[in-house]
Amino acid sequence: MYKKLTAPEYHLILQTVELNDGIYIKYKSSKAAHCDTCKVFFTEDALEAVSTADVSDCRVDMGSEEDFENIIDGRGSWQNDGTELLIQDGMWRLLDTKITATFVDCHPQEAIRYILTLCGVTDYILSEDLYDTKKTLTIDSKNGRDAIQEVNAAWGLEVPFFYWDDTFYWGKRPEQEYLYELNDSNILELEKSGGSWTAEVIGVPWIHHSQYININHENLIAVGEVESVTVESNDKGMMEMYITFREVEDG
């Protein structure tokens with residue numbers, strides 16, 4: 001599948017209001033943070049249109065003409081004296097819940113299911129890999145995300161977890177219908193630092209962390225796993241987008 005987007009636009013969709021102009025964003029999709037976020041900034045007129053709107057369920061789409069793709073869907077909260085809107089994906093449920101619990105003779109999946117239940121998460125997909133039981137594990141007043149990191153640490157695991165399309169994943173990933181390609185036509189700059197590559201690209205709203213991408217560039221031909229995506233626009237219509245990834249043997 002090949003798509004090209006050189007001058008993206010942004011739509012902010014709330015429960016009762018939709019804005020198609022007067023907004024600019026700072027978006028981050030990060031495997032390390034486990035939580036995608038998008039900060040929305042407004043012109044004066046746009047802010048007036050949404051200042052009293054319900055932001056408990058909101059989304060941002062990115063695209064052009066009739067071809068738009070959702071980049072984040074979650075809960076909003078007002079920042080900076082009510083002039084900026086911060087949107088967090090479904091991970092907000094875990095970030096907003098404190099966990100205090102002791103687990104006895106349990107597998108990691110049992111502890112995680114309990115944590116998710118306390119956080120009000122009902123849609124989840126967990127790895128079915130088998131692990132030894134832990135005799136005792138105590139979690140003392142951690143938010144849900146940190147509690148799951150503590151479960152991973154207790155078993156010596158580096159199992160990724162994140163939200164996608166309002167479903168929580170631990171050790172699993174959503175099925176990927178397409179292997180998106182970055183090439184000389186959409187990569188502006190490609191650099192390597194340590195074990196990761198960073199590509200500055202034109203607008204590509206169809207790529208998120210933990211997905212596989214195909215890189216077909218004069219400096220690299222490989223399959224990569226995306227570690228992070230950042231998008232930043234401003235009120236002058238300028239946009240910068242960066243995709244950081246690691247090479248993998250196959251997707």
The test is side-chain contact (heavy atoms from CB on, under 4.5 Å); show your working for Thr37 and Ile87 and say whether it passes. CA-CA 6 Å; Thr37 61; Ile87 303 172; over 6 Å; no
- Query: Given Thr136 and Thr102, is the side-chain contact (heavy atoms from CB on, under 4.5 Å) satisfied, shown in steps?
  - Reply: CA-CA 7 Å; Thr136 304; Thr102 297; 4.0 Å; yes
Looking at every non-hydrogen atom in both residues, tell me the closest pair between [X] and [Y] and how far apart they are.
{"X": "Ile23", "Y": "His11", "result": "CD1-C, 4.2 Å"}
{"X": "His107", "Y": "Trp155", "result": "C-CZ2, 3.7 Å"}
{"X": "Thr244", "Y": "Ser196", "result": "CG2-CB, 3.9 Å"}
{"X": "Val151", "Y": "Ala111", "result": "CG2-CB, 4.0 Å"}
{"X": "Ile99", "Y": "Cys119", "result": "CD1-SG, 4.2 Å"}
{"X": "Pro108", "Y": "Leu157", "result": "CG-CD1, 4.5 Å"}

Can you tell me how far apart [atom1] ([X]) and [atom2] ([Y]) are? Round to the nearest 0.5 Å.
{"X": "Cys106", "Y": "Ile112", "atom1": "SG", "atom2": "CD1", "value": "9.5 Å"}
{"X": "Lys142", "Y": "Leu94", "atom1": "NZ", "atom2": "CG", "value": "14.5 Å"}
{"X": "Asp73", "Y": "Asp57", "atom1": "CG", "atom2": "CG", "value": "6.0 Å"}
{"X": "Leu190", "Y": "Ile215", "atom1": "CG", "atom2": "CD1", "value": "8.0 Å"}
{"X": "Ile115", "Y": "Ile139", "atom1": "CD1", "atom2": "CD1", "value": "4.0 Å"}
{"X": "Asn143", "Y": "Thr97", "atom1": "CG", "atom2": "OG1", "value": "8.5 Å"}

Tell me whether [Y] is reachable from [X] by hopping between hydrophobic residues (I, L, V, M, F, W, Y) whose side-chain heavy atoms are closer than 4.5 Å.
{"X": "Trp92", "Y": "Val40", "result": "no"}
{"X": "Leu12", "Y": "Leu86", "result": "no"}
{"X": "Phe245", "Y": "Tyr27", "result": "yes"}
{"X": "Ile25", "Y": "Leu14", "result": "yes"}
{"X": "Val159", "Y": "Leu116", "result": "yes"}

Min side-chain heavy-atom separation [X]-[Y] under 4.5 Å:
{"X": "Met239", "Y": "Glu9", "answer": "no"}
{"X": "Lys135", "Y": "Asp105", "answer": "yes"}
{"X": "Trp197", "Y": "Glu247", "answer": "yes"}
{"X": "Phe168", "Y": "Leu126", "answer": "yes"}
{"X": "Tyr242", "Y": "Glu232", "answer": "no"}
{"X": "Phe103", "Y": "Tyr114", "answer": "yes"}

Between the main-chain N or O of [Y] and the side-chain N or O of [X], is there a donor-acceptor pair closer than 3.5 Å?
{"X": "Gln176", "Y": "Tyr212", "answer": "yes"}
{"X": "His217", "Y": "Asp184", "answer": "no"}
{"X": "Gln109", "Y": "Ser127", "answer": "yes"}
{"X": "Lys192", "Y": "Thr198", "answer": "no"}
{"X": "Glu48", "Y": "Asp45", "answer": "no"}
{"X": "Asn70", "Y": "Val60", "answer": "yes"}

Output yes when Arg59 and Asp61 qualify as a salt bridge under the 4.0 Å nitrogen-oxygen rule, no when they do not. yes
Under 3.5 Å side-chain donor-acceptor pair for [X] and [Y]:
{"X": "Ser56", "Y": "Gln15", "answer": "yes"}
{"X": "Ser29", "Y": "Asp36", "answer": "yes"}
{"X": "His34", "Y": "Gln149", "answer": "yes"}
{"X": "Ser193", "Y": "Glu191", "answer": "no"}
{"X": "Ser185", "Y": "Asn183", "answer": "yes"}

Count the heavy atoms of every other residue, nucleotide or ligand shown that sit under 6.0 Å from CZ of Phe41, and state whether that count exceeds 12. yes
Original post:
Around Asp132, counting heavy atoms of other residues, nucleotides and ligands shown, do more than 12 lie under 6.0 Å from its CG?
Top reply: no
Item to complete: Assess whether side-chain hydrogen bond (donor to acceptor under 3.5 Å, both in side chains) is satisfied between Glu84 and Trp78, documenting all intermediate values.
Response: CA-CA 6 Å; Glu84 302 167 2; Trp78 290 106; over 6 Å; no
- prompt: Yes or no on side-chain hydrogen bond (donor to acceptor under 3.5 Å, both in side chains) for Asn152 and Trp170, after CA distance, side-chain angles and deciding distance?
  reply: CA-CA 10 Å; Asn152 278 353; Trp170 181 83; 3.0 Å; yes
> Passes salt bridge (charged side-chain N to carboxylate O under 4.0 Å, His left out), Arg75 versus Asp96? Steps please.
Replying inline: CA-CA 11 Å; Arg75 188 186 67 170; Asp96 274 14; 2.6 Å; yes
With a distance cut-off below 6.0 Å to the six-membered ring centre and an angular limit of 45° from the axis, does Arg173 pair with Phe162 as a cation-pi contact?
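No.
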Partner of Glu227 under salt bridge (Lys or Arg N to Asp or Glu O under 4.0 Å), picked from Lys28, Arg246, Lys31, is Arg246
If you apply the rule side-chain contact (heavy atoms from CB on, under 4.5 Å), what do you find for His208 with Val226, and how did you get there? CA-CA 7 Å; His208 301 265; Val226 177; over 6 Å; no
**Q.** Near-ring test Tyr163/Tyr169, centroid separation under 6.0 angstrom
**A.**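 Ring-ring flag for Tyr169/Tyr163: false, centres at least 6.0 Å apart.
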- His209 and Ser228: CA distance, side-chain angles, deciding distance, side-chain contact (heavy atoms from CB on, under 4.5 Å) verdict: CA-CA 5 Å; His209 80 73; Ser228 68; 5.6 Å; no
Given Leu182, which partner from the list Asn216, Ile207, Leu220 fulfils the side chain to side chain contact (heavy atoms under 4.5 Å, CB included) test?
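Exactly one pass, corresponding to Ile207.
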Show your reasoning for whether salt bridge (charged side-chain N to carboxylate O under 4.0 Å, His left out) applies to Lys172 and Asp129. CA-CA 10 Å; Lys172 303 285 281 187; Asp129 291 348; over 6 Å; no
